[in-house]
Amino acid sequence: MTSFAALKRSSGNVTKLTKELEKLNSTNNQEDTRFWKLDIDKAGNGFAIIRFLPGPAVDGEDSLPWVRIFDHGFQGPGGWYIEKSLTTLNQKDPVSEYNSVLWNSGIDANKEIARKQKRRLKYISNILVIQDTKHPENEGKVFLYSYGKKIFAKITEAMNPQFEDETPINPFDLWQGANFKLKVRKLEGYPNYDKSEFDAPAALFDGDDAKLEELWKSEYSLKELLDPKNFKSYDDLKRRLDKVLSTDGVPVTASVPAAASAPTAVDNMEEEEDINYFKKLAEEE
């Protein structure tokens, strides 16, 4: 048992607690190593070059080189709600239901709450890391990459250019695609990707089919990300939502009509907001 004198001597020393926190974090907050993230500096700036890859060579996979996932990230009186939305699987979701009630009330204050709680859209694709100066050990490796609608808009624009003198490209093509210069800066407190751009089209590995086939076969499954086992049940999400929004122990979603299962108008106002930004805020609380 620690003596009072020893307790006093240790006053102000946070080293031991810090080490315990590090151990706790390393045990409980292990990140999915399949995913690559751009490392940004203290000013919020970051740069890397990546190559979007075609759909993986996995049996039963869709030919699309991306999957779409909806999630929520907001804070209530009872803490943070950071969860994937069941609307991703075309199922009813408690947040979308509750947002429907708020939005349809016609009350401006309720609509503002619904806006803050709206779902966000992210895409996930396989990528090859071409240049990652801060983490050169990632270069030449395949990862999954999660990105928002701003980057997806860059992809869409490359496939459907606005002007006649621009040639459409398929950014996911191994032979005629193009490297993507990922540039992020902090703008009004949020990560901004407007300066990101595609390079000139060029074949990976100088078009060496043997290397390209090996690369293609090394990609991760995208279909697996949409497996229902990776999503919490409706009941679990509803319990979490009630805990986050409750101020007096009374479930705030108790009055939600069962029929209100479709995404709300505000849910469809999809803006790019990085879920990791909200996770970071939650960790700092």
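Ring centers of Y147 and Y145: under 6.0 Å apart, within the cut-off.
For residues 169-182, the side-chain hydrogen bond (donor to acceptor under 3.5 Å, both in side chains) pairs, not counting sequence neighbours, are R51-N179, W175-D209. Counting only residues at least two apart or in different chains, ring-ring contact (aromatic ring centres under 6.0 Å, His included) contacts with residues 194-223 comprise F180-F198. Evaluation of the salt bridge (Lys or Arg N to Asp or Glu O under 4.0 Å) test over residues 217-230, restricted to residues two or more places apart or in two chains, returns R34-E224, E213-K217.
Test Q91, R239, E97 against Y234 for side chain to side chain donor-acceptor pair (under 3.5 Å) and you get one pass: E97. Considering K84, R119, K122 in turn, K122 is the only one that fulfils the salt bridge (Lys or Arg N to Asp or Glu O under 4.0 Å) rule with D71.
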### Message
Please determine whether side-chain contact (heavy atoms from CB on, under 4.5 Å) holds for the pair W36 and I50, giving the CA-CA distance in whole Å, both sets of side-chain angles, and the decisive distance to 0.1 Å.
### Response
CA-CA 10 Å; W36 175 82; I50 62 176; 4.0 Å; yes

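If you take CD1 on I155 and CG on N160, they are separated by 12.0 Å, rounding to the nearest 0.5 Å.
Taking the six-membered ring where tryptophan is involved, the planes of F172 and W66 are tilted, since the angle between them lies from 30° to 60°.
In this structure, R115 contributes its side chain and N110 its backbone to no donor-acceptor pair below 3.5 Å. When atom types are taken as modelled, the side chain of T87 and the backbone of N90 share no donor-acceptor pair closer than 3.5 angstrom. Looking only at distances, a side-chain donor or acceptor of S218 sits under 3.5 Å from a matching main-chain atom of L215.
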